[in-house]
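Everything on this sheet refers to the single structure shown next.
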Amino acid sequence: LSCVLRVRSAGGAVALLACALVWWFLHRTFTSDLGRLVASLTAVAAGRAESNGHPQPVRELAQIDAVMRTLLEDLKREHAERRDSEEKFTRIFERAPVMISLSELATGRIVEVNDAAVRLTGYGREEIIGRTSIELGWLTADARADLMSILERDGRVDAFDAIVHG
C-alpha cells in the first residue's frame, strides 16, 4: 500500500503526525488485546492451560471451564439419582399388593392408581382417573375431611382407618 500526501504547511504536518500517532496507539491497543483473547480461547479449545506467554486470561478461562464441567457432572449425577428414585417409586407403586391412588390435594381428583386398586375395586383404570374417592363411593365426605385434617396437621398420613365402599 502506498500513499502520497502533500502537506502544505507545518501545522498540517503536525496534525498529520498527531493523527498517525493516535491511529498507531489505537491499532496497537485493540489488536494486541484481541490477539491475546483469540490466542487464549484457541489454547483453551485445544486443551492447553497456558499459551503465548499470557497465562492469566487462559488460567481464568480454564477455571471457568473447570467450574462448568463440575456443574455439568453434578447435574448429571443429580439427574441419575432422581431417575433412580422415580424408578424405585414406580416399581413400589405398581407392585404393591394394596390399593394405592394418587390424587390432587386441592380437588381430590385421582390422577393415578395402581393395579391393585383396579383389581380390588372392579373399576377400570380409566373409570377411576379423573374422579374423586367421594364420587367413587370409596370415602364419605366426612372421612375425606378427617384425612385432609391429619394431612394438613402432620404433613403426612401414617395410618387412617376408614371403611372403603365399593
Open item on the list: Rounded at 0.5 Å granularity, tell me how far CG in Leu147 sits from OG in Ser103.
Closed with: 8.0 Å

Open item on the list: Using a 6.0 Å cut-off, check whether atom CZ of Arg153 has over 12 heavy atoms from anything other than its own residue.
Closed with: yes

TODO: Could you tell me whether Asp146 and Arg144 make a salt bridge, using a distance below 4.0 angstrom between a side-chain N and a carboxylate O?
DONE: no

Task: Nearest-0.5 Å distance, OG1 of residue Thr121 to CZ of residue Arg119 - done: 10.0 Å

- [ ] With salt bridge (charged side-chain N to carboxylate O under 4.0 Å, His left out) as the test, would you mind laying out the steps for Asp65 and Arg69 before giving the verdict?
- [x] CA-CA 6 Å; Asp65 180 60; Arg69 288 178 191 273; 2.8 Å; yes

Task: Evaluation steps, salt bridge (charged side-chain N to carboxylate O under 4.0 Å, His left out), between Arg95 and Asp115 - done: CA-CA 8 Å; Arg95 296 176 182 169; Asp115 291 338; over 6 Å; no

Open item on the list: Would you say Ile129 ends up clustered with Val111 if hydrophobic residues are merged whenever their side chains have heavy atoms under 4.5 Å apart, either directly or through other cluster members?
Closed with: no

- [ ] Give the minimum heavy-atom separation between Ala143 and Phe160, together with the two atoms involved.
- [x] O-CZ, 3.2 Å

- [ ] Taking atom types as modelled, find out whether Glu104 and Thr107 have a side-chain donor-acceptor pair closer than 3.5 angstrom.
- [x] yes

Open item on the list: Do the side chains of Arg109 and Glu135 get close enough for a salt bridge, i.e. N-O under 4.0 angstrom?
Closed with: yes

Open item on the list: If I compare all heavy atoms of Ala96 with all of Ala116, which pair ends up nearest, and what's the gap?
Closed with: O-CB, 3.6 Å

TODO: Is it possible for you to say whether Val113 and Leu120 belong to one hydrophobic cluster, with membership spreading through side-chain heavy-atom contacts below 4.5 Å?
DONE: yes

Open item on the list: Within this structure, what is the CD1-CG distance for the pair Ile134 and Leu136, rounded to the nearest 0.5 Å?
Closed with: 10.0 Å

Open item on the list: Within the structure provided, determine whether Asp158 and Ile150 are in side-chain contact (heavy-atom separation under 4.5 Å).
Closed with: no

Open item on the list: Are more than 12 heavy atoms, taken from residues, nucleotides or ligands other than Arg77, located less than 6.0 Å from that residue's CZ atom?
Closed with: yes

- [ ] Quick one: pull up OH in Tyr123 and CZ in Arg131 and give me the separation to the nearest 0.5 Å.
- [x] 5.5 Å

Open item on the list: In the structure I gave you, are the side-chain heavy atoms of Thr132 and Trp138 within less than 4.5 Å of one another anywhere?
Closed with: no

- [ ] Treating Ile, Leu, Val, Met, Phe, Trp and Tyr as nodes and any side-chain heavy-atom pair under 4.5 angstrom as an edge, say whether Leu102 and Leu139 lie in one connected cluster.
- [x] no

Open item on the list: To the nearest 0.5 Å, what is the distance between CE on Met68 and CG on Leu72?
Closed with: 8.0 Å

Open item on the list: Distance check, rounded to the nearest 0.5 Å: Ile128 atom CD1 versus Glu112 atom CD?
Closed with: 10.0 Å

- [ ] Mark yes or no for whether Thr70, through its side chain, and Ala66, through its backbone, hold a donor-acceptor pair below 3.5 Å.
- [x] yes

TODO: Verify, without hydrogens or angle tests, whether Asn114 (side chain) and Met99 (backbone) share a donor-acceptor contact under 3.5 angstrom.
DONE: no

Open item on the list: Between Asp84 and Arg82, does the salt bridge (charged side-chain N to carboxylate O under 4.0 Å, His left out) criterion hold? Intermediate values first, please.
Closed with: CA-CA 5 Å; Asp84 291 345; Arg82 179 172 291 137; over 6 Å; no

TODO: State, to 0.1 Å, how close Ser101 and Ile110 come at their nearest heavy-atom pair, and which atoms those are.
DONE: CB-CG2, 4.1 Å

